[in-house]
Amino acid sequence: MPEGHTIHRIARDHSKLLVGREVAVSSPQGRFAADAERVDGHVLERIEAYGKHLFYHWDSREIGHVHLGLFGKYRISRSGDDGLPEPRGQVRMRLATDDVAIDLAGPTACTIDPPGVRRGIIARLGPDPLRRRSKPDAMIERVSRSRRGVGDLLMDQSVVAGVGNVYRAESLFVCGIHPLRTGTDCDPAELEALWATISGMLRQGVKDGRIVTVGRDESGVARNRRIPRSEATYVYKRERCLRCGSEIVRLDIANRTSYHCPLCQPR
DNA sequence: CGTATATGGATAC
DNA sequence: TATCCCTATACGT
């Protein structure tokens, strides 16, 4: 379930387990074996999240890069009486200490690179609302000068980093913006509000460990109450709008299914 | 058992 | 715009 919130949550959780320690790095599946060897046994100094990218800073000065893509997943297992459990399924990378193993399966990217690679990736990304001191200026500038649709622009990681298909649908819904509205037709105040909405949703996502967008603009909803998936979004993957009951419209935008409410988000 | 689907993105036209 | 890659899970037969 990888949008930006997942990545930042992983960086936070995995840091507690691995940072400052010598880490055994391996590739049970084999495809990462040559890279794994280069940092195996080194101390992990920091795990950094930027948009949907993860960077592992090793004391060898090399940097691990992981991008989960659509399918990538981590699994954590603890050491038992027989030590660490065998990897299950296709495990590209295993990061292990004496008491914990973190297994990565199905990533789009998993490499060990010189520092320039990280710099190049970050240079191509727009501002990430989850990073400290990030500002919406660059996003607003890009969007307001573009004739592309807002639904298209939000999926472009060089415009904003970390937004995926769920947050695209949900943030545009909350802001009442039709996904096909062009960037040039949005005024700066609207885009400020859109940034604030995205930022708030992503932060909530990091806390919850999943995407629950309902209740952000209402009062009195206990966020830690168990909310079933069917009530977690306003429009994403729904048949009818959670607010007004209108039939949700699906469009193909930027190669992905976009969802919007024709009544709450008029063209 | 098969098949469809998924919160992504690079690359080839 | 179309195609491909990566893996697990849900669901139908």
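Computed from a predicted model, the values in this text were never measured in an experiment. Note on naming: letters A, B, ... go to the chains in the order of the sequence lines (proteins, then strands), and numbering restarts at 1 for each one.
- Residues F71(A) and P2(A) form no side-chain contact, since every pair of their non-hydrogen atoms from C-beta on lies 4.5 Å or further apart.
- In this structure, the CD1 atom of I253(A) is 14 Å from the P atom of dG8(B), given to the nearest Å.
- Aromatic rings of H5(A) and Y167(A) (six-membered ring for Trp) have centroids within the 6.0 Å cut-off, being under it.
- Between H67(A) and dG9(B) there is a side-chain N or O to OP1 or OP2 distance below 4.0 Å.
- Atom pair Q90(A):CD and dA8(C):C1' shows a separation of 11 Å (rounding to whole Å applied).
- Protein atom CZ of R250(A) is 10 Å distant from nucleotide atom P of dT7(B), rounded to whole Å.
- dT7(B) atom C1' lies 11 Å from atom CG of L68(A), rounded to whole Å.
- Each of N255(A) and T108(A) has a nearest nucleotide on DNA chain C; the 5'-most of these lies closest to N255(A).
- Rounded to an integer number of Å, the gap from F71(A) CZ to dT7(B) C1' is 11 Å.
- Residue R250(A) qualifies as enclosed at atom CZ: its count of foreign heavy atoms under 6.0 Å is above 12.
- Separating the P atom of dC4(C) from that of dA4(B) is a span of 16 Å, rounded to the nearest Å.
- With Y56(A) as the aromatic partner, R46(A) does not meet the cation-pi criteria of under 6.0 angstrom to the ring centre and within 45 degrees of the ring axis.
- The side chain of Y236(A) contributes an N or O atom lying less than 4.0 Å from OP1 or OP2 of dT7(B).
- One P atom belongs to dA8(C), the other to dA10(B), and the distance between them is 23 Å to the nearest Å.
- In this structure, D128(A) atom CG and dG8(B) atom P are separated by 14 Å, rounded to whole Å.
- Set against dC6(C), dA8(C), dT7(B), the side chain of I211(A) has dT7(B) as its closest nucleotide.
- The nucleotide whose nearest atom lies closest to any side-chain atom of K237(A) is, among dT9(C), dA6(B), dG8(B), dA6(B).
- Aromatic pair H260(A)/F173(A): ring centres not closer than 6.0 Å.
- Of the side-chain N and O atoms in K52(A), none sit less than 4.0 angstrom from OP1 or OP2 of dT7(B).
- As judged by a 4.0 angstrom heavy-atom cut-off over every strand, E170(A) is placed among residues making no nucleic acid contact.
- If you check the side chains of H57(A) and E48(A), you find a donor sitting under 3.5 Å from an acceptor.
- For dA6(B), the OP1/OP2 oxygens have no side-chain nitrogen or oxygen of R256(A) closer than 4.0 Å.
- Under the Watson-Crick and G-U wobble criteria, each requiring two contacts below 3.5 Å, nucleotide dT5(B) is paired to dA8(C).
- The side chain of Q157(A) places an N or O atom within less than 4.0 Å of a non-bridging phosphate oxygen (OP1 or OP2) of dG9(B).
- Within 4.0 Å (heavy atoms only), R31(A) reaches sugar-phosphate atoms of the nucleic acid but no base atom.
- What separates CZ of R168(A) from P of dT7(B) is a distance of 9 Å, to the nearest Å.
- Taking atom CD1 of residue I10(A) and atom C1' of nucleotide dT7(B), one finds them 12 Å apart after rounding to whole Å.
- OP1 or OP2 of dT7(C) has at least one side-chain nitrogen or oxygen of Q29(A) nearer than 4.0 Å.
- Distances were taken from every side-chain heavy atom of L70(A) (C-beta onward) to each of dA8(C), dT7(B), dC6(C); the shortest belongs to dT7(B).
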